[in-house]
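When a ligand or atom number is given, it counts from 1 through the structure's own listing order.
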Amino acid sequence: MKRSSFLRVVFLAGFLTLLCPSQQLRADNGYEGWLRYAPLKEKEREKFGAFPSTLVVGNDSPLLQASQKELIRGLRGMLGRDLTIEKELPKENAVVLGTLADLRSLAPELHPPVELRTDGYWLTSRRIHGQECIIVAGATDRGTLYGVFALLRKIALAEDLSHLQEAQAPANPVRWVNDWDNLDGRIERGYGGRSMFFENGSVRADLSRANDYARLLASVSVNGCIVNNVNANPRVLATDFLPQLARIADAFRPWGLRLGISVDLSSTKSLGGLDTFDPLDPRVQSWWKEKANEIYRVIPDFAGFLVKADSEGRPGPSSYGRTPADAANTIARALQPHGGIVMYRAFVYDHHLDWRNPKNDRARAAYDIFHPLDGNFDDNVIVQIKHGPIDFQVREPASPLFGGLERTNEAIELQITQEYMGQQRHLCFLVPMWKETLDFDMRVDGGATPVKNIVSGQVFHRALGGFAGVANAGLDANWMGNPMAMANLYGFARLAWDANLSSANIAEEWTRLTFGNDLAVVRAISTMLLSSWPTYENYTGPLGAGTLTDILGSHYGPGVASSENNGWGQWHRADHEGIGMDRTVATGTGFVGQYSPAVQKEFETFPATPDTLLLFFHHVPYAYRLKSGKTVIQHIYDSHYEGAERVSQFVQMWESIRGLVGDDERYAFVLAKLKYQEGHAIVWRDAVCNWFLRVSGIPDTKGRVGNYPNRTEAESMRLQGYVPVDVEPPENASGGKAVACQPATGECAATFHFSGTLGTYQVNVQYFDQNNGKARFRVLAGGRLLDEWVADDSLPNSKLGGDTSTRRKIGRVTLQHGDEIRIEGIPDGGEVAALDYVEINPN
Ligand code: GCW
């Protein structure tokens with residue numbers, strides 16, 4: 001279905017639901033995310049038999065109106081109940097909704113058990129004038145809205161409300177998402193379709209999607225959204241563009257979500273007509289002041305600016321010999337009178353580093369640049385720090401900068417969009433990874449100073465700080481390209497509210513809200529989620545070496561050597577003797593010295609360093625023995641086999657809950673993704689293992705690597721029309737080669753004879769699904785058609801290689817000795833119906 005017609009269907013469905021609330025019209029394509037409000041089971045519903053039927057709302061602000069509508073919508077969906085709205089306290093049980101100030105005028109005797117901080121809420125059940133009431137009271141209107149979502153969450157989780165008493169407030173004042181949307185409608189590192197904000201250089205006419213996004217974000221208490229790419233287009237500040245942005249802010253406002261934008265620091269030149277963007281030039285300073293005034297005239301609750309500067313080619317203060325503090329303060333002073341803030345990214349580094357110099361280290365950059373500026377930033381500036389010192393790799397230590405800014409506001413930047421983590425095609429629940437960083441104790445001045453308490457402002461007594469998450473949700477029906485990826489958006493926001501929540505808790509909560517309370521479902525999905533990151537790590541990058549992905553291209557498939565011999569600084573330094581970056585003070589880049597003395601002790605020596613981060617901090621020979629007792633090289637082999645094997649179990653776990661997850665559409669979608677991941681994990685496994693086998697020359701003690709007895713290479717089959725081609729790098733195809741059907745040929749075939757004995761087998765066809773055509777494949781055995789399909793996925797490459805190599809699994813095939821196996825390929829466009837191998841495994 002085309003997107004536009006699809007959206008029409010979604011909105012029509014929504015409209016019909018409003019018209020006939022009793023009818024359970026469900027569009028379970030993932031659009032509702034964790035806000036499904038699906039009818040509770042009879043038994044669960046009984047718990048809410050005494051739930052009031054009347055609603056009293058304290059004031060009529062837009063946020064309270066949204067709160068009221070949401071409560072009605074949720075109760076209707078889950079309990080099939082409607083609420084009658086009253087102005088005064090009625091003579092019957094009621095839900096009372098409002099700010100603490102509203103509550104005081106209704107029932108002055110009621111006080112929350114603790115003082116509610118900004119955005120906090122209080123849920124309780126109390127008698128007011130003899131009537132049983134459920135009270136939802138917020139410190140502010142926004143807090144009340146969060147309270148409503150919290151109450152609805154409790155109902156969805158079928159919690160007992162009879163002794164309701166909960167007062168909560170967010171640990172972090174800043175809980176923002178960053179969306180890297182370009183004004184032309186593309187999203188940088190977005191895997192959920194095109195932008196919901198922009199198209200063709202303008203803000204979209206229809207912003208209903210942005211409104212729904214704001215609702216989703218508000219339900220988990222996100223309070224700010226940067227709507228455009230950090231690689232910012234100066235046009236976003238143009239006078240005629242601001243009213244367009246104001247329309248997005250309008251769509252966000254009922255949900256308490258404030259709009260902010262990324263800005264290009266050279267806007268004074270490219271847009272403002274000045275001949276400079278020197279932050280200390282008075283003309284530059286007054287340009288920013290006037291621009292801020294102009295913004296606040298159309299967006300009175302504008303949140304602030306996000307800045308990427310002196311980074312990956314973005315202009316910045318270094319052009320004028322100025323510091324990030326100079327630049328941040330200039331624009332912060334423009335925003336300050338209006339209450340706006342500047343999020344200045346610490347992701348500042350030189351991507352033309354000389355890789356031949358063993359002392360060079362990109363990981364050092366943020367601390368080297370920002371630590372000396374501590375105390376120089378204005379109070380409405382927050383330094384936004386990626387969680388690790390490199391760039392969202394599968395395993396990084398906490399950035400030492402968190403411990404290096406005692407007199408500066410900080411925020412942690414987490415990447416929700418799975419750029420390096422399988423791009424939403426692979427299941428990878430990132431909450432456990434984020435928690436490792438949040439819980440990491442920087443031991444500043446010897447005390448307990450975990451990252452979570454630093455960014456919240458608690459440790460260094462900062463008034464501002466918090467979380468920024470790169471979300472990149474798009475127009476896809478399910479927002480992120482995969483319903484399972486929504487667990488990361490949910491988890492990010494829950495941690496921003498309370499970083500002490502456990503991964504298990506968040507996984508279970510999300511699963512119940514998204515797929516229902518069936519215990520088998522909750523168990524299976526939570527298990528999958530919680531083991532998915534270590535699994536992904538296992539088949540991609542080992543022991544802190546970083547993701548071994550193609551860092552020069554898609555950041556998706558394997559590309560082990562791509563990080564070496566270039567200036568990007570994502571080096572793992574693997575050669576024929578060993579692997580890892582020596583970052584020690586004694587012999588390496590000195591990066592370890594950026595941590596507090598207590599933390600330095602954890603990383604400076606081999607024996608102290610945990611296995612998981614060994615190669616991040618040290619260069620070791622392949623025969624080095626880990627704490628696990630394995631050698632490094634055997635660990636690389638074993639972990640890759642274990643990881644790939646584990647994904648097969650995910651497929652089985654998912655299949656075990658068929659029929660229990662509420663609807664077939666999401667079930668089938670996720671199953672297809674998991675099956676794809678199962679095949680791609682093998683591509684990863686083989687590429688990484690073969691690369692290390694070739695480079696180290698040390699065989700796998702278990703004899704698996706380089707040894708594939710059940711495979712027949714396509715290049716060794718009898719080829720009609722197909723021609724063998726080299727694949728680069730060679731480890732990304734079995735035997736380094738594939739066969740391609742050159743377009744002129746029209747149709748090709750590759751055949752061989754089965755050499756095993758009579759039995760049932762599983763036939764795996766490894767082919768390449770390029771994104772520049774829709775080739776077709778047919779597989780026949782002994783003249784019988786086994787399977788046929790169209791290679792129409794949109795993987796991130798048009799070439800044959802690790803991004804496009806895909807497995808088709810054909811289960812339970814009866815074969816006998818001598819059967820002819822024939823694969824036919826019909827190319828399309830630039831796609832050459834390429835094949836890598838066929839593997840026939842006993843069932
Ligand atoms: O990891 C890199 C990404 C870039 C991104 C950059 C950043 C927006 O590959 O796409 O640019 O990080 O975080 O600024």
Provide the number and element of each atom of ligand 1 under 4.0 Å from a heavy atom of [X].
X: Arg189; result: 3 (C), 4 (C), 9 (O), 10 (O)
X: Phe347; result: 6 (C), 7 (C), 12 (O), 13 (O), 14 (O)
X: Lys308; result: 6 (C), 7 (C), 8 (C), 11 (O), 14 (O)
X: Asn229; result: 8 (C)

Nearest protein heavy atom to [atom], by residue and atom, and its distance?
atom: atom 10 (O) of ligand 1; result: Glu188 OE2, 2.5 Å
atom: atom 8 (C) of ligand 1; result: Asn231 ND2, 3.3 Å
atom: atom 6 (C) of ligand 1; result: Glu312 OE1, 3.3 Å
atom: atom 2 (C) of ligand 1; result: Asp391 OD2, 3.2 Å

| Should Gln384 and Glu413 be marked as a side-chain hydrogen bond (donor to acceptor under 3.5 Å, both in side chains) after you check the CA-CA gap, both sets of side-chain angles, and the distance that decides it? | CA-CA 6 Å; Gln384 179 168 317; Glu413 181 176 311; 2.6 Å; yes
| Aromatic Trp479 / basic Arg209 pairing, under 6.0 angstrom, 45° off normal | yes
| How are the rings of Tyr344 and Phe377 set to each other: parallel, tilted or perpendicular (split at 30° and 60°)? | tilted
Under a 4.0 Å threshold between the charged nitrogen and the carboxylate oxygen, would [Y] count as salt-bridged to [X]?
X: Arg462; Y: Glu410; result: no
X: Asp264; Y: Lys308; result: no
X: Asp582; Y: Arg573; result: no

| request: Would you please determine whether His555 falls within less than 4.0 Å of ligand 1 on a heavy-atom basis? | output: yes
| query | Can you tell me if Val470 has a non-hydrogen atom under 4.0 Å from ligand 1? | reply | no
| request: Please check if the side chain of Asn797 supplies one atom and the backbone of Asp803 the other of a donor-acceptor pair under 3.5 Å. | output: no
| remark: Of Glu419, Gln393, Lys386, the one whose closest heavy atom lies nearest atom 12 (O) of ligand 1 is Lys386
| Sub-3.5 Å N/O-N/O distance, Glu413 and ligand 1 | no
| query | Checking side chain to side chain contact (heavy atoms under 4.5 Å, CB included) for the pair Leu414/Val470: CA distance, chi angles, key distance, verdict? | reply | CA-CA 6 Å; Leu414 300 171; Val470 182; over 6 Å; no
